[in-house]
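Comments concern the structure below.
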Amino acid sequence: MSSFLRPAVTGQEMTEPSRIAAQYRAITSHLAITPPVSVVIPAMNEAENLPYVFKTLPEWIHEVVLVDGNSTDNTVDVARELRPDVKVVKQVGKGKGDALISGFAACTGDIIVMVDADGSADGQEIVSYVSALVGGADFAKGSRFANGGGTDDMTTIRRLGNWALCTLVNRKFGARYTDLCYGYNAFWRHCLDKITLDCTGFEIETLINIRVVKAGLKVQEVPSHEYLRIHGVSNLNAVRDGIRVLKVILKEKAVSRSARRRPAAFSVNVPRGETS
């Protein structure tokens, strides 16, 4: 799905190669793709961080979908000032999982990228995720522990917990992950037709990672570097959220294949929340 760009024809009718080239979206001077890319950013009171987040996003992305979790600061105003064409979804429910589900429903791109709003993710890495997808993967999973990845924001306890939970998922579901609890991921939109997303909290990232494996989708890990949150304080609690992730893992092991195919409690194909 990649192609080299050709110079546009000026002052005359476009040739067939030039017409085809015009349909592609430039990534570099030598690489272009045709699938439109949507970036979903769940945010609550992240006005100070959005300038850093938006600055790293590539110019060639198709759209940015900001899911506002009822912010009390000027998160939405800042987002619109930075990117006038941003699509804002007002979150109806609560939790990161609910925000992502709402964002997925509002996307129009063929590829969907999940990016946190705290400044910990480098938007320039999106090209690596997209490359993995156009190269044949269904799901491009970010990993801080794959060769070339890294993290500036993980305590020893969190690192051990992530390793233990990741090892458990690999053994129980036949996955080959090096990282589990990381929210920087990308996937083809058609993946949403093959998995059910029915949790509202932080553990949705683990749920997605498990269900793409259970659905038989092709997963490719992408090395990623996690930076420190720029402003504000994280709502992450290692013990509380670790227990929630563990519960998801144990529940998924017990869920039958037929039960997994039942209609989702939160459909990603139905718009949720006011979009503007």
Side-chain angles (χ1 to χ4, degrees), residues 38 40-44 65-70 89-107 112-118 121 138-143 158 161-162 164-170 172-175 177 179-217 219 234-273:
S38 298
V40 176
I41 305 176
M44 184 174 69
V65 178
L66 180 86
V67 185
D68 177 47
N70 300 303
V89 177
K90 287 290 186 179
Q91 186 177 356
V92 175
K94 294 181 179 180
K96 185 175 184 179
D98 180 86
L100 286 173
I101 292 169
S102 299
F104 296 161
C107 290
I112 299 175
V113 184
M114 303 156 51
V115 176
D116 286 340
D118 59 5
D138 296 306
F139 185 82
K141 185 190 179 313
S143 174
R158 285 180 57 203
N162 185 68
L165 293 169
C166 186
T167 300
L168 183 60
V169 166
N170 288 343
K172 284 188 173 293
F173 302 100
Y177 294 141
D179 198 354
L180 182 68
C181 305
Y182 190 45
Y184 199 174
N185 304 297
F187 53 90
W188 290 101
R189 184 175 179 81
H190 68 74
C191 293
L192 296 174
D193 297 327
K194 298 182 173 70
I195 63 175
T196 295
L197 301 181
D198 51 8
C199 72
T200 60
F202 162 82
E203 66 274 16
I204 192 171
E205 295 157 358
T206 297
L207 183 71
I208 293 174
N209 293 334
I210 292 174
R211 290 188 175 173
V212 295
V213 171
K214 292 174 72 173
L217 298 174
V219 180
S234 173
N235 293 321
L236 178 67
N237 182 290
V239 176
R240 178 198 64 205
D241 293 324
I243 292 175
R244 294 180 69 168
V245 168
L246 178 60
K247 288 181 178 179
V248 165
I249 296 172
L250 298 178
K251 180 180 178 181
E252 281 302 294
K253 187 59 181 177
V255 172
S256 67
R257 184 175 297 272
S258 61
R260 179 166 50 86
R261 290 177 176 173
R262 292 172 186 165
F266 301 99
S267 174
V268 296
N269 296 315
V270 178
R272 306 180 66 247

Partners meeting ring-ring contact (aromatic ring centres under 6.0 Å, His included) with Tyr182 (sequence neighbours left out)
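Not a single residue meets the ring-ring contact (aromatic ring centres under 6.0 Å, His included) criterion with Tyr182.
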[atom2] on [Y] to [atom1] on [X], rounded to 0.5 Å:
| X | Y | atom1 | atom2 | answer |
| --- | --- | --- | --- | --- |
| His190 | Leu217 | NE2 | CG | 7.0 Å |
| Asp98 | Leu197 | CG | CG | 11.5 Å |
| Phe104 | Arg189 | CZ | CZ | 10.0 Å |
| Lys247 | Cys199 | NZ | SG | 13.0 Å |

Using the test side-chain contact (heavy atoms from CB on, under 4.5 Å), find all partners of [X] that sit at least two apart in sequence or belong to another chain.
| X | result |
| --- | --- |
| Ser38 | His62, Glu63, Cys107 |
| Leu168 | Lys172, Leu246, Ile249 |
| Asn170 | Cys166, Ala175, Tyr177 |

side-chain contact (heavy atoms from CB on, under 4.5 Å) for Val213 and Val169? Distances and angles first, verdict last.
CA-CA 10 Å; Val213 171; Val169 166; over 6 Å; no
Looking at residues at least two apart in the chain, or sitting in another chain, which of them share a salt bridge (charged side-chain N to carboxylate O under 4.0 Å, His left out) with Asp138?
none
Is any side-chain heavy atom of [X] less than 4.5 Å from a side-chain heavy atom of [Y]?
| X | Y | value |
| --- | --- | --- |
| Lys141 | Asp179 | yes |
| Val67 | Leu100 | no |
| Ile101 | Ile204 | yes |

Hey, is the main chain of Thr196 close enough, under 3.5 Å, to the side chain of Arg211 for a donor-acceptor pair?
yes
Short side-chain to backbone donor-acceptor contact, Asn185 and Gly142, under 3.5 Å:
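Looks like yes, one N/O pair under 3.5 Å.
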Correct closest heavy-atom pair for Cys181 and Asn162 would be N-OD1, 3.0 Å
Non-neighbouring partners of [X] that pass side-chain hydrogen bond (donor to acceptor under 3.5 Å, both in side chains), sequence neighbours left out:
| X | value |
| --- | --- |
| Lys96 | Asp116, Glu205 |
| Asp68 | Ser71, Lys90 |
| Tyr184 | none |

Tell me, with the steps shown, if Val219 and Asn209 meet side-chain contact (heavy atoms from CB on, under 4.5 Å).
CA-CA 9 Å; Val219 180; Asn209 293 334; over 6 Å; no
Mind running side-chain contact (heavy atoms from CB on, under 4.5 Å) on Ile208 and Phe187 for me, showing each step along the way?
CA-CA 11 Å; Ile208 293 174; Phe187 53 90; 5.6 Å; no
Set out, in order, the CA-CA distance, both residues' side-chain angles and the distance that settles side-chain contact (heavy atoms from CB on, under 4.5 Å) for Asp198 and Leu207, then state yes or no.
CA-CA 9 Å; Asp198 51 8; Leu207 183 71; 3.6 Å; yes
